[in-house]
Amino acid sequence: MSDTNQARRAIITGITGQDGSYLTELLLDKGYEVHGIVRRASTFNTDRIDHCYQDPHIKGTRLFLHYGDLCDANVMSKLMDEIKPHEVYNLGAQSHVRVSFDMPIYTADTVGMGALKILEAVRDFQQKSGQQVRFYQASSSEMYGKVVETPQRETTPFYPRSPYACAKVMAHWMTVNYRESYDLHASCGILFNHESPRRGETFVTRKITRAVGRIKTGLQKKIFLGNLDSKRDWGFAGDYVEMMWRMLQQDTPDDYVVATGQTWSVREFAEKAFAHAGLDFSEYVEFDPRYLRPAEVELLLGDPAKAKKKLGWVPTTSFDELVAMMVEHDLELASREKTLRDAGHELPAFTGHDQ
């Protein structure tokens with residue numbers, strides 16, 4: 001491990017996810033020593049951060065991975081004592097909204113109780129060591145659910161419509177409570193939908209762009225989607241992780257909506273994605289009720305005015321640029337898949353559930 005006196009140290013839960021990978025790049029670029037929490041699995045799940053990783057025995061290495069689980073409070077406390085972080089970013093979760101209806105207890109354990117266990121570990125370490133730890137909680141626009149006002153602001157009441165959203169509300173208010181009760185530097189980023197080529201393939205945006213690539217190359221014929229009229233405020237994940245970091249650089253902790261201030265429907269996202277590849281959306285998209293949620297969230301639109309004013313942040317990637325970026329990535333991926341198939345290689349299973 002590198003000399004811990006020469007760099008700020010950060011812990012990232014959920015480091016192998018979309019946001020975790022972009023945040024890792026950002027912090028390494030800023031000279032941090034980054035420690036990621038990784039769940040033990042029988043297969044490697046670090047592909048999003050492999051390009052950042054070096055053998056920990058190599059001099060100068062600043063990225064370290066540790067086995068842990070948000071459900072295991074003992075491990076989190078041990079890692080706090082071992083790493084002695086200056087910042088903790090809690091991005092880990094069972095983050096798929098539709099899946100949370102199938103796994104509500106596990107979702108609540110990882111999202112809600114997981115955040116509480118980390119907050120306790122932070123509070124205990126700070127109390128014992130006297131070293132301030134700045135904590136970031138990944139809150140979600142899904143907490144607004146059945147919205148009571150539009151656009152949604154930091155002061156908008158929550159009305160969660162899924163087990164995932166309910167658990168996020170718990171984690172959010174626990175963070176606020178620990179900030180006010182124990183004087184922790186704890187901030188919540190209420191991030192609206194943010195996507196990228198690194199988005200998981202079962203999330204609707206990536207599901208669409210993967211299908212576009214596979215249809216264009218003849219590997220797939222149709223895509224089946226649920227509610228095409230749902231509207232979301234979509235931004236680029238690479239832009240949004242900078243806001244996480246900026247929150248923890250403030251003298252005073254606070255909560256911020258991170259959004260573009262624009263909303264688009266699933267239908268519009270799909271239309272643009274297919275059009276970018278020269279395809280007619282209507283010829284390839286079909287409705288499937290299996291992908292409807294038991295309780296739908298129809299409209300999310302964030303008001304990022306506070307973040308712009310206090311943190312000087314504005315998103316740099318437009319909606320059209322985001323769609324194009326994702327489609328171009330997945331066209332290339334599908335082309336590589338087709339080359340392998342034509343060469344007689346067995347392709348890995350596509351996880352979009354739409355073949």
Side-chain angles (χ1 to χ4, degrees), residues 14-29 46-52 91 95-96 138 140-141 189 191-217 219-220 223 225 228 230-245 258-281 284-285 300-302 304 307 313-339 350-352 354:
I15 193 171
T16 59
Q18 168 188 255
D19 294 4
S21 68
Y22 283 113
L23 181 60
T24 297
E25 292 173 347
L26 177 74
L27 295 183
L28 290 175
D29 285 346
T46 59
D47 56 295
R48 290 187 179 97
I49 56 171
D50 283 344
H51 64 289
C52 299
L91 312 184
S95 59
H96 198 289
S140 169
S141 60
L191 270 60
F192 280 65
N193 292 63
H194 46 291
E195 317 297 322
S196 77
R198 301 179 191 175
R199 190 55 140 156
E201 294 178 1
T202 59
F203 289 84
V204 68
T205 51
R206 186 75 195 289
K207 183 175 171 179
I208 291 168
T209 59
R210 279 290 275 132
V212 168
R214 289 173 60 82
I215 290 169
K216 183 71 173 179
T217 52
L219 295 173
Q220 185 174 330
I223 177 174
L225 299 172
L228 291 171
S230 289
K231 292 185 176 182
R232 294 293 184 270
D233 185 327
W234 273 306
F236 173 48
D239 289 340
Y240 284 27
V241 296
E242 183 180 343
M243 271 295 292
M244 302 176 186
W245 176 79
V258 183
T260 69
Q262 296 181 314
T263 189
W264 304 84
S265 69
V266 174
R267 185 188 309 277
E268 289 170 315
F269 187 101
E271 286 174 343
K272 286 179 178 290
F274 277 89
H276 186 79
L279 299 173
D280 183 350
F281 151 90
Y284 303 101
V285 177
L300 292 174
L301 173 61
W313 178 86
V314 291
T316 61
T317 306
S318 71
F319 180 72
D320 286 351
E321 289 170 336
L322 173 63
V323 175
M325 176 199 313
M326 295 176 67
V327 171
E328 287 297 323
H329 174 275
D330 285 334
L331 283 170
E332 182 180 348
L333 181 57
S335 178
R336 293 200 300 266
E337 285 182 324
K338 187 176 188 301
T339 299
F350 175 51
T351 58
D354 290 313

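We count residues from 1, following the sequence as given.
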Contact between Asp330 and Arg206 at the side-chain level, heavy atoms closer than 4.5 Å - yes or no? yes
Exercise: identify the closest heavy-atom pair between Ile223 and Ala211: CD1-CB, 3.6 Å
Glu268/Lys272 under salt bridge (charged side-chain N to carboxylate O under 4.0 Å, His left out): CA gap, chis, key distance, verdict: CA-CA 6 Å; Glu268 289 170 315; Lys272 286 179 178 290; over 6 Å; no
Check against side-chain contact (heavy atoms from CB on, under 4.5 Å), Trp245 and Leu26: CA-CA 9 Å; Trp245 176 79; Leu26 177 74; 3.8 Å; yes
Counting only N and O atoms by type, is there a donor-acceptor contact under 3.5 Å from the side chain of Arg232 to the main-chain atoms of Ser265? no
Where is the tightest heavy-atom contact between Tyr240 and Gly235, given as atom of each residue plus distance? OH-CA, 3.5 Å
State, with a plain yes or no, whether a side-chain heavy atom of Phe192 is found less than 4.5 Å away from one of Leu300. yes
Heavy-atom pair of closest approach, residues Gly302 and Ala259: CA-CB, 3.7 Å
Between Asn193 and Ser141, does a side-chain contact (heavy atoms from CB on, under 4.5 Å) hold up when you go through it step by step? CA-CA 7 Å; Asn193 292 63; Ser141 60; 3.7 Å; yes
Of Ile49, Ile15, Val241, Leu28, the residue whose pairing with Leu23 passes side-chain contact (heavy atoms from CB on, under 4.5 Å): Val241
Verify side-chain contact (heavy atoms from CB on, under 4.5 Å) between Val258 and His194, making sure each step is shown before the conclusion. CA-CA 9 Å; Val258 183; His194 46 291; over 6 Å; no
Residues which pass side-chain hydrogen bond (donor to acceptor under 3.5 Å, both in side chains) with Glu195, listed by chain and number, not counting sequence neighbours: Arg199, Thr205, Trp234
Does some side-chain heavy atom of Ile208 sit less than 4.5 Å from a side-chain heavy atom of Leu225? yes
Can you give me the closest heavy-atom contact between Ala277 and Val327, atom names plus distance? CB-CG1, 4.5 Å
Measure the spacing between CD of Glu321 and CE of Met325 and express it to the nearest 0.5 Å. 7.5 Å
Carefully, step by step, assess Arg198 and Glu25 under the rule salt bridge (charged side-chain N to carboxylate O under 4.0 Å, His left out). CA-CA 13 Å; Arg198 301 179 191 175; Glu25 292 173 347; 2.7 Å; yes
Contact check, side chains of Met326 and His276, non-hydrogen atoms, under 4.5 Å: no
Measure across Val212 and Ala273 and return the closest heavy-atom pair with its distance rounded to 0.1 Å. CG1-O, 3.8 Å
Heavy-atom distance under 4.5 Å between the side chains of Thr316 and Phe236, does that happen here? no
How are the rings of Phe281 and Phe274 set to each other: parallel, tilted or perpendicular (split at 30° and 60°)? perpendicular
Which atom pair, heavy atoms only, marks the closest approach of Ala307 to Met243? CB-CE, 3.4 Å
Distance, nearest 0.5 Å, that separates OG1 of Thr209 from CG of Leu331: 9.0 Å
From Lys216 NZ over to Tyr284 OH, what is the distance, rounded to the nearest 0.5 angstrom? 8.0 Å
What I'd like to find out is whether the side chain of Leu219 reaches to under 4.5 Å of the side chain of Glu337, using heavy atoms alone. yes
Any chance you could measure Glu271, atom CD, to Trp264, atom CH2, to the nearest 0.5 Å? 11.0 Å
Hey, does the side chain of Thr24 reach the backbone of Gly20 with a donor-acceptor pair shorter than 3.5 angstrom? yes
Find the distance between CZ (Arg48) and OH (Tyr22) and round it off to the nearest 0.5 Å. 9.5 Å
Using side-chain contact (heavy atoms from CB on, under 4.5 Å) as the criterion, list what pairs up with Thr263, not counting sequence neighbours. Lys231, Leu299, Leu301
Between Gln18 and Phe203, is there a side-chain heavy-atom distance shorter than 4.5 Å? no
Criterion side-chain contact (heavy atoms from CB on, under 4.5 Å) on Met244 and Leu191, from CA distance to verdict: CA-CA 9 Å; Met244 302 176 186; Leu191 270 60; 3.6 Å; yes
